[in-house]
Amino acid sequence: MEKREKQERRVGLPELKNAEKGKVVLRFAPNPNGPMSFGHARGIVINGEYAKEWDGELILRFDDTDTVVKPPLPHAYQEIEDEAAALLGFAPHRVVIASDQIPHYYEHAELMLNAGFGYVCQCSGEAFKVFRVEKNECPCRPNSSTLNIELWNKMLDGTFKPGDAVVRVKTDMTLKNPALRDWPALRMQDTENHPHPRPSIASKYRVWPLLDFQSAVEDHLQGVTHIIRGKDLMDSTRKQTLLYQHFGWTYPETMYWGRVKVHEWGGFSTSQMRRDIEAGMFTGWDDPRLPTLSALTRRGITAEALRAFWIELGVTQKDISVPLSALFSHNTKQIDDEAPRLSFIRSPQSFELHGEHPERVEVDVHPNHPNMGQRVFELNGKTIWIEQEDVTKGNLRLKGFADVAIEGAIATVESIERQDQRPIVHWLTNTQSKDGKLIVAKDGELLEFNGQMEHHNYPEGTMVQLERIGYGRVLDATTILFSHA
RNA sequence: GCUCGUAUAGUGUAGUGGCCCAUCAUGAAGGACUCUCAUUCCUUCGACCCGGGUUCAAAUCCCGGUACGAGCACCA
């Protein structure tokens, strides 16, 4: 037998099992209780890429079924939808809001109660915990369907109060995995004091499905074929599979990814971020110190870079910790070719320009693309700015202009041509610059560097490269938000 | 405690019994180009958690150990 060709390195995402072109349905299901963070991007990107690859559909589903512990934020729905579309490069094919689907969940709960694979449990959480740990059945378990429906109606009409009763899925109390034993499917919430923030829902329902039940039923209703999510939801898959067996449904194909930590950020929870923003610790969801999607966008991280980043990490179940530089290197590739060069002088020192020199100097806007034009520096004013740190280096080469000798507050032109190996530094003329500001988010702090900003007419949002500093995003004529080196 | 999962260079990733003295990217170091500490290009560095077993052959399969992570909420 001939030696096989050396197997090529697989590129892109791993193969989707049991997938049929044009028939794949995936979903991304965030809770609209706060800003979408960096981590949410993984769900959007991975599911979106698979949908694209298989000509399938991507559903954006809002899992907004908790009004007390994780109350949704009214404006989050639209913001998440917009951000997802921007990140995907296309709009989600369907948008589903769980709180609109409550009647469907009730219907399936009743089906479950009538068929006898679910029951209303009046034990307290603590009491049930004991049964679960000791593998004993709770006294409510053998109740008849008739009684269960009766109790269910007491949940619905408010005879029962939150905490009095829950609906459980009957599995098996002797299951090895304690998490799977008769798990809770629906509970009551005090929507009088904690109304759902969507006006059309508000205090309309007392009984609400829990994630595992809601998600399971909804996936079936929507015809989801593949679920790709964090491995923290592995037991959810197992719970839901048991429910699917009861209903006689087939559970979707599932894939998991592990936990991702970013060196520079550590752990941020959505709830905590939301509290901190509301407490005024940050300027908003897009505060550059935060690991939110909007902050990254504001810093100039492109959708393409985010996509490339998450695709590169793939869908392994390994828990990983990545440096921000991994994301930045993707971003540099995306923006460098189009980023105009600009100078910004930190801690500027002014010098009087002496010696013979031309009246003006022209420098390329982009060294690799002369067709992007020239930056013109008029030297009539004869005052130039140099960074304080550079001044200490002795004689300097002013980039694109001349060799100068530094003495006191005077810079004397020694040669227009480069004559030796003196350090090359960036500089600005008095006439071509004004007071400006560079904002840098570093180690959880927002640092502001004042200095001389080169004149430019770039609109807000333009990604520029500050020579010898790094990339940044234009906020206005005199302010740039530092992105990365 | 019970249950589940994962372990390949600094970081991330490919690899599903012989193509592997292990892929690619990133990083670091050096160099070329360049009047930016940018971009581009070249070179170098660097890894299969440990111990058993199965097999002619193991990064790949099995068992044990260790480490790390997750679930066991009337949160998502």
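Excluded from the calculations below are hydrogen atoms, water molecules and symmetry mates; all remaining heavy atoms, backbone and side chain alike, are included.
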Distance, rounded to the nearest Å, where A/His194 contributes NE2 and B/C74 contributes C1'
14 Å
Taking A/Glu389 first and then A/Arg468, would you say they form a salt bridge - that is, a charged N and a carboxylate O separated by under 4.0 Å?
no
Tell me the interatomic distance from A/Leu186, atom CG, to B/C75, atom P, rounded to whole angstroms.
11 Å
Could you give the CZ-to-P distance, from A/Arg274 to B/C75, as a whole number of Å?
16 Å
Is a salt bridge present between A/Glu467 and A/Lys399, judged by a nitrogen-to-oxygen distance below 4.0 Å?
yes
Mind checking the C1' distance from B/A22 to B/C35? Whole angstroms is fine.
43 Å
Compare side-chain N and O positions of A/Thr65 against OP1 and OP2 of B/A76 and report whether any pair is under 4.0 Å apart.
yes
Without decimals, in angstroms, what is the distance between A/Trp265 CH2 and B/U11 P?
20 Å
Please check if atom NZ in A/Lys393 has more than 12 non-hydrogen atoms from other residues, nucleotides or ligands closer than 6.0 Å.
yes
Nucleotide of B/A76, B/C4, B/U13 approaching A/Ile320 most closely (side-chain heavy atoms)
B/U13
Within the pair A/Thr316 and B/U13, is there a side-chain N or O less than 4.0 Å away from OP1 or OP2?
yes
Give a yes/no on whether any side-chain N or O of A/Arg187 is located under 4.0 angstrom from OP1 or OP2 of B/C75.
yes
Rounded C1' spacing from B/C20 to B/C48 in Å:
10 Å
B/C75, B/G12, B/A38: which one has an atom nearest the side-chain heavy atoms of A/Asn368?
B/A38
Just to be sure I understand the rule, does A/Val166 reach a base, reach only the sugar-phosphate, or reach nothing, if contact means heavy atoms closer than 4.0 Å?
base
Say we look at B/C4 and B/G51: how far apart would their C1' atoms be, to the nearest angstrom?
24 Å
Return each pair, listed once, that meets salt bridge (Lys or Arg N to Asp or Glu O under 4.0 Å) where at least one residue sits in residues 176-195 of chain A; pairs must be two or more places apart or across chains.
A/Asp66-A/Arg187, A/Arg141-A/Asp182
CD of A/Gln317 versus P of B/G12: gap in Å, rounded?
16 Å
Hey, are A/Asn18 and A/Glu253 close enough side-chain-wise for a donor-acceptor pair under 3.5 Å?
yes
Can you list the steps and then say if A/Asp364 with A/Arg341 is a side-chain contact (heavy atoms from CB on, under 4.5 Å)?
CA-CA 8 Å; A/Asp364 284 340; A/Arg341 269 48 176 174; over 6 Å; no
B/C19 to B/C63 separation - C1' atoms, rounded to the nearest Å
29 Å
If you look at every strand shown and take non-hydrogen atoms under 4.0 Å, does A/Leu233 touch a base, only sugar-phosphate, or nothing?
base
Rounding to an integer number of angstrom, what distance separates B/G12 and B/U55 when you compare their C1' atoms?
33 Å
Check every strand shown and say whether A/Ser124 touches a base, only sugar-phosphate, or nothing at a heavy-atom separation below 4.0 Å.
base
Between A/Lys17 and A/Glu15, does at least one N-O distance fall below 4.0 Å, as a salt bridge requires?
no
Using a 4.0 Å cut-off on protein heavy atoms (strictly under), produce a 5'-to-3' string for nucleotides 26-36 of chain B with B for base contact, S for backbone-only sugar-phosphate contact, and - for none.
S--------BB
Could you tell me the separation between the CZ atom of A/Phe213 and the P atom of B/A76, rounded to a whole number of Å?
13 Å
Please convert RNA chain B into dot-bracket. A pair counts if it is Watson-Crick or G-U wobble with both distances under 3.5 Å; crossing pairs go in [ ] and bases paired with another strand get |.
(((((((..(((.....[.....)))((((((.......))))))...(((((..]....))))))))))))....
Figure out the CG/P separation between A/Leu313 and B/U13, and round it to whole Å.
6 Å
Assess the pair A/Phe213 and A/Trp208: is the distance between their ring centroids shorter than 6.0 Å?
no
Could you state the CD-C1' distance from A/Gln189 to B/A76, rounded to the nearest angstrom?
12 Å
OP1 or OP2 of B/U6 sitting under 4.0 Å from any side-chain N/O of A/Lys231?
no
OP1 or OP2 of B/C72 versus the side-chain N and O atoms of A/Arg181: is any pair under 4.0 Å?
no
Using a heavy-atom cut-off of 4.0 Å across all strands, would you classify A/Gly258 as base, sugar-phosphate, or nothing?
nothing
